[in-house]
Participant: 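Below: one structure in structure tokens.
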Amino acid sequence: METEKKTSLNFIEQIIEDDLSKGKHESIQTRFPPEPNGYLHIGHAKSICLNFGLAEEYNGKCNLRFDDTNPEKEDVEYVDSIRKDVEWLGFKWDGEYFASDYFEQLYTFACQLIEKGKAYVDDLTQDQFNKIKGTPTIPGKHSLYRDRTAAENLKLFQDMRAGKYANGEKVLRAKIDMSSPNMHMRDPVLYRIKHVDHHRTGGEWCIYPSYDFAHGQSDSIEQVTHSLCTLEFEVHRPLYEWLIRELEIFPTRQIEFARLNLSYTVVSKRKLLELVEGKYVSGWDDPRMPTISGIRRRGFTPQSVRNFAERIGVARRDGIIDVALLEHAVRDDLNKKANRVMGILDPVKLIITNWPEDKEETLKAINNPEDESAGTRDMPFSREVYIDRADFKEDPPSPRKWFRLGPDREVRLKYAYIIKCTGFKKGDDGEIEEIYAEYDPLTKSGEDTSGKKVKGTLGWVSAKHAINAEIRLYDRLFMTENLNDIDDDFKNYLNPNSLNINSRAMLEGSLKSANVGDQVQFERVGYFRVDEDSTTDHLVFNQTITLRDDWQKKGGN
RNA sequence: UGGCCUAUGGUGUAACUGGCAACACGUCUGAUUUUGGUUCAGAAGAGUCUAGGUUCGAGCCCUAGUAGGCCAACCA
């Protein structure tokens, strides 16, 4: 699919090809710059695919850079998970850096700005500054500390670094334009005092650069040619460029694109954190979460996420992508890769009355009709099997609409025989307890000489050989399509039925040896992945996604 | 209200920079099928936010509206 010829370029590719053809750059350098303060989600996956994908496409390089300038919120736990997630997606970064690697260099940059008279130490408290800052429509006023001399500023800044001041007592500001309609140009903070240990630099620093003074400069230091970020940073671009100009450093170009929004879910670190902390989900990797760790555990494949990212494209307009697109991407990938097995979610016993008590037969089953190299396996067949309760109806609709079993109806047990229902037993509660049928010896799969044709084919497992397992069925986490449109608490829209635990499922015995991470298709049901909660005698499967079901869609059932 | 950005079928992205709007998902038909899956064949669905303008000709250019988004953390 990498070899697929592209017919059109997205706006970023157009910029890149233009830069390359005009000789502005010989090759490109991008970067993925997460802040290690949370787990990555599907929105980050879009950015990862973009940055790494572009680098691959144009034979450039892509760094992984942790934007760790706020020690209060950041932690190594997140650094590790981020590395793991990027690797899982299948990307290799060229350089691994931390903004904190550049603290000394950044400090020097700040001093240069001070010497040029382009930055000053401000003693105003946050409140005081907020009062004179103005609003987008009202110009701000100058701080009374704005005109300190370079020498004075330099001394003060050194003292800030030396720890002579308390948190919030002073900041370093760029001296730009307090009347700019762009609030980010009204003398933005470059450095603030935080007497906090940093997860990498420890107690070395008590002043930390702000995003605006760290991100762009880090890009520049790494000679990033195209710095891709989301739309909300658009208003930062004038400042980004102002700093490059004043510092006379490598001119990285910032390009903004629309962040990913997905229907029926939230894609915001803050909200996801809320779900985790409020125990609405079991953790960052709850299979219902749109985090990379969540969808990984759920059973989405790296390839499916990358295909998805490719499909949705990249542009500058805000929108919301239908999860159906993501779901299609997984089905498409798993259809090719996942072995088929029999799994009966809601088992009911079917007794083949004309099959001898002790007789067992071994049948050949195809592992994956989409991939011949997946081979075949043996399936034991015996007198008693489980079929799904939904595959039998006491009083079924016309055979044109109902292909499955019912009194006197015939169906094929896949890979086995055609059977005819001869009766059933009902419990006091009205539940079907057993179904009786007779098999036709002439209809054995592969050597059918009966000439019979049946429309329905059922999955089954030999009762004697089947194993029980826990199946976790998932539905969308939220009931509302667009969570950005609501004005009350997003948690009010949580789907109370997003998790459904099934502990009665019976699976074919071959699954006994399944390992955590294995992915299979339960025929006619969906794709499932062995969860890490599994133990040797208790398998747990996560439903990744159901199979498409036209029949149910048309009102079947 | 000030600035910036965006506006194409239900959703997302295209349209070689002005030449009769394409692709994917979704939806609907039908065929095949020992998964009501897959695959295959086909259909419906927008005339490109509105109003002007430039032009032989505009989704692409200009102007003005309208709608939506973003910006007033010592967060990123």
Side-chain angles (χ1 to χ4, degrees), chain A residues 7-10 14 33-35 37 67-70 72-74 122 125-126 129-130 133-140 167-168 170-173 180-186 188-194 207-208 210-212 214-215 229-238 256 258 263 269-270 308 310-329 331-332 335-336 340 342 366 369-370 401-404 411-416 418 443 445-446 448 454-459 481 484 521-526 546-554 556:
Chain A
T7 53
S8 66
L9 304 174
N10 65 48
Q14 284 174 23
E35 184 190 11
N37 69 341
D67 231 341
D68 56 348
T69 57
N70 186 2
E72 284 165 320
K73 294 187 178 171
E74 296 151 8
D122 193 359
T125 64
Q126 204 165 151
F129 186 79
N130 284 344
K133 169 175 58 183
T135 70
T137 52
I138 303 166
N167 288 348
K170 284 181 166 48
V171 290
L172 182 72
R173 289 184 186 286
S180 170
N182 182 343
M183 297 301 286
H184 295 277
M185 296 300 268
R186 320 251 265 221
V189 167
L190 266 24
Y191 266 92
R192 66 291 210 206
I193 299 170
K194 280 178 191 285
I207 57 172
Y208 293 97
S210 62
Y211 165 82
D212 285 307
H215 195 106
C229 61
T230 46
L231 249 27
E232 65 268 29
F233 290 100
E234 198 169 350
V235 283
H236 292 249
R237 184 161 21 106
E256 311 85 17
S263 60
K269 265 192 212 172
R270 202 209 87 229
F308 168 73
E310 183 67 35
R311 283 289 172 212
I312 60 176
V314 54
R316 283 176 65 84
R317 74 170 140 167
D318 262 312
I320 179 160
I321 279 145
D322 194 338
V323 274
L325 207 56
L326 215 208
E327 295 174 347
H328 170 264
R331 286 198 185 99
D332 191 43
N335 176 49
K336 292 178 280 195
R340 274 60 170 172
M342 297 298 183
I366 293 166
E370 305 299 313
K401 293 197 68 179
W402 175 262
F403 306 161
R404 284 116 98 143
V411 297
R412 173 174 291 283
L413 295 181
K414 190 160 183 177
Y415 301 128
I418 290 178
T443 59
S445 276
D448 189 328
V454 289
K455 193 82 174 130
T457 302
L458 268 40
E481 187 169 355
N484 292 133
Q521 180 197 109
F522 291 170
E523 291 215 31
R524 306 202 304 140
V525 181
T546 59
L547 251 33
R548 260 185 59 186
D549 192 348
D550 281 337
W551 180 69
Q552 188 145 76
K553 234 168 4 200
K554 282 179 218 155

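In what follows, every chain begins at residue 1, and chains take the letters A, B, ... in the order their sequences are listed. Excluded from the calculations below are hydrogen atoms, water molecules and symmetry mates; all remaining heavy atoms, backbone and side chain alike, are included.
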Participant: Is a donor on one side and an acceptor on the other found under 3.5 Å between the side chain of A/Arg316 and the backbone of A/Leu231?
Facilitator: no
Participant: Which value, in whole Å, describes the distance between the P atoms of nucleotides B/U54 and B/C40?
Facilitator: 50 Å
Participant: Keeping the roles fixed (side chain from A/Arg186, backbone from A/Lys133), state whether a donor-acceptor pair exists under 3.5 Å.
Facilitator: yes
Participant: Donor-acceptor pair, A/Thr457 side chain versus A/Lys414 backbone, under 3.5 Å?
Facilitator: no
Participant: Hey, is the main chain of A/Asn182 close enough, under 3.5 Å, to the side chain of A/Ser180 for a donor-acceptor pair?
Facilitator: yes
Participant: What nucleic acid atoms does A/Val314 come within less than 4.0 Å of, heavy atoms only: base, sugar-phosphate, or nothing?
Facilitator: sugar-phosphate
Participant: For RNA chain B, produce a single dot-bracket line, 5' to 3'. Pairs: Watson-Crick or G-U wobble, both distances under 3.5 Å. Symbols: ( ) within strand, [ ] crossing, | other strand, . unpaired.
Facilitator: .((((((..((((.....[..)))).(((((.......))))).....(((((..]....))))))))))).....
Participant: For B/A46 versus B/A22, give the span between their P atoms, rounded off to a whole number of Å.
Facilitator: 13 Å
Participant: Is A/Lys336 touching bases, backbone alone, or none of the nucleic acid, heavy atoms closer than 4.0 Å?
Facilitator: nothing
Participant: Using modelled atom types and a 3.5 Å cut-off, is there a donor and acceptor pairing between side-chain atoms of A/Arg331 and backbone atoms of A/Thr546?
Facilitator: yes
Participant: Kindly give the heavy-atom pair with the smallest separation between A/Val189 and A/Ser210, and that separation in Å.
Facilitator: O-OG, 2.7 Å
Participant: Do A/Glu72 and A/Asn37 have side chains that approach each other closer than 4.5 Å (heavy atoms only, starting at C-beta)?
Facilitator: no
Participant: Whole-Å distance between B/U11 C1' and A/Leu326 CG?
Facilitator: 13 Å
Participant: At 4.0 Å (heavy atoms only), tell me whether A/Phe522 reaches a base, stays on the sugar-phosphate, or touches nothing.
Facilitator: nothing
Participant: When the distance from CD1 of A/Ile312 to C1' of B/A14 is rounded to whole Å, what number comes out?
Facilitator: 15 Å
Participant: Need the glycosidic conformation of B/A73: syn if within 90° of 0, anti if not. Which one?
Facilitator: syn
Participant: In whole Å, what is the span from the CZ atom of A/Arg404 to the P atom of B/U34?
Facilitator: 17 Å
Participant: I'd like to check A/Leu458 versus A/Arg524 (side-chain heavy atoms, cut-off strictly below 4.5 Å). Are they in contact?
Facilitator: yes
Participant: When the C1' atoms of B/G37 and B/A76 are compared, how many Å lie between them, rounded to an integer?
Facilitator: 44 Å
Participant: For residues A/Ile418 and A/Thr443, report the shortest heavy-atom separation together with the two atoms involved.
Facilitator: N-OG1, 2.9 Å
Participant: Given the P atoms of B/U11 and B/U50, what is the spacing between them in whole Å?
Facilitator: 15 Å
Participant: Check whether any side-chain heavy atom of A/Tyr415 sits under 4.5 Å from a side-chain heavy atom of A/Ile366, and report yes or no.
Facilitator: yes
Participant: Can B/U17 be described as syn, meaning its chi torsion is within 90° of 0, or is it anti?
Facilitator: syn
Participant: When you compare B/A14 with B/A24, how far apart are their P atoms, in angstrom units rounded to a whole number?
Facilitator: 16 Å
Participant: Evaluate the ring planes of A/His236 and A/His184, with Trp represented by its six-membered ring, and classify them as parallel (under 30°), tilted (30 to 60°) or perpendicular (over 60°).
Facilitator: tilted
Participant: Within the modelled atom types, does a donor on one side and an acceptor on the other bring the side chain of A/Thr457 and the base of B/U35 under 3.5 Å apart?
Facilitator: no
Participant: Taking B/U17 as the reference, what is the distance to B/G12 when you measure between their C1' atoms (whole Å, please)?
Facilitator: 22 Å
Participant: What is the distance from CZ of A/Arg316 to P of B/A7, rounded to the nearest Å?
Facilitator: 9 Å
Participant: Of all the nucleotides listed (B/U35, B/A14, B/U11), which has the minimum atom distance to the side chain of A/Asp322?
Facilitator: B/U11
Participant: Using heavy atoms to find the nearest nucleotide of RNA chain B for A/Val454 and A/Thr137 separately, return the residue whose nucleotide is more 5′.
Facilitator: A/Thr137
Participant: With the 90 degree cut-off around zero defining syn, does B/G10 come out syn or anti?
Facilitator: anti
Participant: In whole Å, what is the span from the CG atom of A/Leu9 to the C1' atom of B/U17?
Facilitator: 12 Å
Participant: For A/Arg412 and B/U34, give me the distance from atom CZ to atom P, rounded to whole Å.
Facilitator: 9 Å
Participant: Classify A/Gly446 by what it touches in the nucleic acid, base, sugar-phosphate, or nothing, heavy-atom distance under 4.0 Å.
Facilitator: base
Participant: Can you tell me the distance, in whole Å, between the CG atom of A/Asn10 and the P atom of B/C16?
Facilitator: 15 Å
Participant: Considering every strand and a 4.0 Å limit on heavy-atom distances, what is the contact class for A/Ile320: base, sugar-phosphate, or nothing?
Facilitator: sugar-phosphate
Participant: With distance as the sole criterion, is a donor-acceptor pair present between the side chains of A/Ser445 and A/Arg412 under 3.5 Å?
Facilitator: yes
Participant: Could you run down nucleotides 37-45 of chain B 5' to 3' and tag each one B, S or - for protein heavy-atom contact under 4.0 Å?
Facilitator: BS-------
Participant: Looking only at atom C1', what distance separates B/A7 and B/C60, rounded to whole Å?
Facilitator: 13 Å
Participant: Any side-chain heavy atom of A/Phe403 within less than 4.5 Å of one from A/Trp551?
Facilitator: no
Participant: Is the shortest side-chain heavy-atom distance between A/Phe233 and A/His215 below 4.5 Å?
Facilitator: no
Participant: Over how many whole Å does the gap from A/Leu231 atom CG to B/G69 atom C1' extend?
Facilitator: 8 Å
Participant: Starting at the 5' end of nucleotides 71-76 of chain B, put B wherever the base has a protein heavy atom under 4.0 Å, S where only the sugar-phosphate does, and a dash everywhere else.
Facilitator: SBSBSB
Participant: With rounding to whole Å, what would you report as the distance between B/A43 and B/G9 at their C1' atoms?
Facilitator: 14 Å
